[in-house]
Amino acid sequence: MSTTICESCGSEEPRLYRVHRRYITTAAWDTPGVDRTLDEVESWCFACCTSYPNVFADEIAEP
Ligand SMILES: [Zn+2]
């Protein structure tokens, strides 16, 4: 059996999800907001998927 370790928190999990990490920064008076999704796919546990901004890899349409 292969070990599954979450790339976000490092915890060993029975099930990981393939996601694209997403950076979201709320705009402030002196800085524009940022909403950026990374191209690379990471393996995250369920807790990280619900705690941090991300886009499920499978939802990205292949060209
Ligand atoms: Zn995690």
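Read the numbers this way: they start at 1 and go in the same order the structure lists the ligands and their atoms. For the numbers below, each heavy atom of this structure counts, side chains included, while hydrogens, waters and symmetry mates do not.
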Quick check against the 3.5 Å criterion: does Glu42 have a side-chain atom that pairs as donor or acceptor with the backbone of Glu7?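 Judged by distance alone, no pair lies under 3.5 Å.
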Ala28: partners by side-chain contact (heavy atoms from CB on, under 4.5 Å), with sequence neighbours left out: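 In terms of side-chain contact (heavy atoms from CB on, under 4.5 Å), with neighbours along the sequence ignored, Ala28 is linked to Asp30, Thr31.
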If we check side-chain contact (heavy atoms from CB on, under 4.5 Å) with Pro53, which of these qualifies: Arg22, Arg36, His20?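 Of all the options given, the one that passes is Arg22.
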Have a look around the Zn ion (ligand 1) and list protein N/O/S atoms under 2.8 Å, or say none.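 Listed by chain and number: Cys6 SG, Cys9 SG, Cys45 SG, Cys48 SG.
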Nearest non-hydrogen partners of Cys6 and Cys45, listed with the distance: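 Where Cys6 meets Cys45 most closely, the heavy atoms are SG-N, 3.4 Å.
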Kindly compute the distance separating OH (Tyr23) from OH (Tyr52), expressed to the nearest 0.5 Å.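 Going from OH on Tyr23 over to OH on Tyr52, the span is 12.0 Å.
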Shared hydrophobic cluster for Val19 and Phe46 (ILVMFWY, side-chain gaps under 4.5 Å):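 In one cluster with Val19: Phe46, yes.
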